[in-house]
Amino acid sequence: MSMEATDKRRDLAMVAKRVAACTDCQLARGRTNAVPGEGNAEADIVFIGEGPGFYEDQQGRPFVGASGKFLDELLASIGLDRKRVYIANVVKCRPPQNRDPQPDEIAACRKHLDDQLGVIEPKVIVTLGRHSMQRYFPGEAISRVHGQPRRKDGVIVVPMYHPAAALHQGNLRRVIEADFRRLPDFLARVLEARKAAPAAGEPPIPAHLRAEANTPPATPPPPAEPESQQMRLL
Ligand code: URA
């Protein structure tokens, strides 16, 4: 049986406390604030970015700078906002000069993200950028797999470009926008499949979500539902 919302909120607050006190890697030394993550403890979708930047470090909140503004726009484009989803990062403290997080830092921080996902139990995880993609699909190239949902450990994971990359490379903007537009349909199908097989352990993965990298789905997904329908399904 899944946890009550209040239990989930309490458990996420406990993770946030552990994150705030964590000194398990060198990033702790340079932080102004740790950035555990924020959003709905019962979210169906969790977005995982890379790590806090300057503004996130100042405010202790994820995605509040330029890429956060774009992420908000992308969410709004599919009828969502931050209150409906959960947003986290693979590292919870800002890497100096916004450099890439190092493997040992990602490894040291992994338990916090594992704990958050264990509490929320999302139906769909969207990785933003290659560092969070590598958590699920090590060695994959984001240019090859972006936008393609795959099951990993019982959850549907959809790798996407990082919003910051899309902001800096104009052609990627249209790509990430198109990948986002397909999200409500993925989620609706996952929820439908769960409803159809509630007690069967692993819910069956819907046919067109059984995407192998580079293999187009056997049946193309139906056209996107009108926005009101998308919002109802989410
Ligand atoms: N980029 C990220 O990956 N995460 C943030 O929280 C902000 C910018």
Side-chain angles (χ1 to χ4, degrees), residues 12 15-16 18-20 22 25-28 30-41 43 45-77 80-117 120 122 124-138 140-143 145-147 157-169 172-173 175-177 179-180 183:
L12 284 179
V15 179
R18 289 197 292 275
V19 167
C22 182
C25 82
Q26 58 185 341
L27 296 183
R31 72 180 173 224
T32 312
N33 291 291
V35 181
E38 69 180 27
N40 189 332
I45 305 186
V46 169
F47 292 84
I48 306 175
E50 178 179 319
F54 174 82
Y55 293 103
E56 290 79 18
D57 173 71
Q58 293 292 308
Q59 297 183 33
R61 298 182 56 215
F63 282 97
V64 290
S67 54
K69 188 165 174 285
F70 185 37
L71 179 59
D72 287 342
E73 286 171 27
L74 291 165
L75 288 172
S77 76
L80 286 178
D81 62 30
R82 283 174 184 247
K83 290 196 269 326
R84 308 272 298 274
V85 303
Y86 195 86
I87 302 174
N89 281 305
V90 288
V91 296
K92 313 296 193 194
C93 299
R94 182 189 180 207
Q97 280 81 51
N98 298 343
R99 65 152 167 76
D100 284 351
Q102 303 298 300
D104 62 319
E105 296 159 356
I106 294 174
C109 216
R110 188 180 177 99
K111 56 186 172 293
H112 300 310
L113 185 52
D114 287 346
D115 288 348
Q116 290 171 319
L117 295 172
I120 300 168
V124 174
I125 291 172
V126 177
T127 61
L128 299 170
R130 70 197 154 90
H131 294 286
S132 55
M133 178 192 69
Q134 274 166 16
R135 177 185 157 92
Y136 296 97
F137 311 121
E140 267 299 359
I142 194 148
S143 56
V145 299
H146 71 87
V157 180
V158 192
M160 294 210 191
Y161 282 104
H162 194 285
L167 277 179
H168 295 129
Q169 296 177 54
L172 290 187
R173 189 181 177 110
V175 174
I176 194 173
E177 286 169 349
D179 286 347
F180 254 77
L183 261 184

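Both counts, for ligands and for their atoms, begin at 1 and track the order of listing. What you are looking at is a predicted structure, and each value in this text was computed from that prediction instead of being measured. Values below: every heavy atom of this structure, side chains too, minus hydrogens, waters and symmetry copies.
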- Query: With a 4.0 Å cut-off, would you call Arg82 and Glu38 a salt bridge?
  - Reply: yes
- Query: Okay, side chain of Asn89, backbone of Glu50: is any donor-acceptor separation there less than 3.5 Å?
  - Reply: yes
- Electrostatic pair Asp57-Arg31, nearest N-O below 4.0 angstrom: no
- Message: Tell me if the OH atom of Tyr136 is crowded by more than 12 foreign heavy atoms within 6.0 Å.
- Response: yes
- Under a strict 4.0 Å criterion on non-hydrogen atoms, which protein residues are in contact with ligand 1? Gly49, Glu50, Gly51, Glu56, Pro62, Phe63, Ser67, Asn89, His162
- Message: Using modelled atom types and a 3.5 Å cut-off, is there a donor and acceptor pairing between side-chain atoms of Gln116 and backbone atoms of Pro36?
- Response: yes
- Taking the inter-plane angle between the rings of Phe47 and Phe180 on a 0 to 90° scale, is it parallel (under 30°), tilted (30 to 60°) or perpendicular (over 60°)? parallel
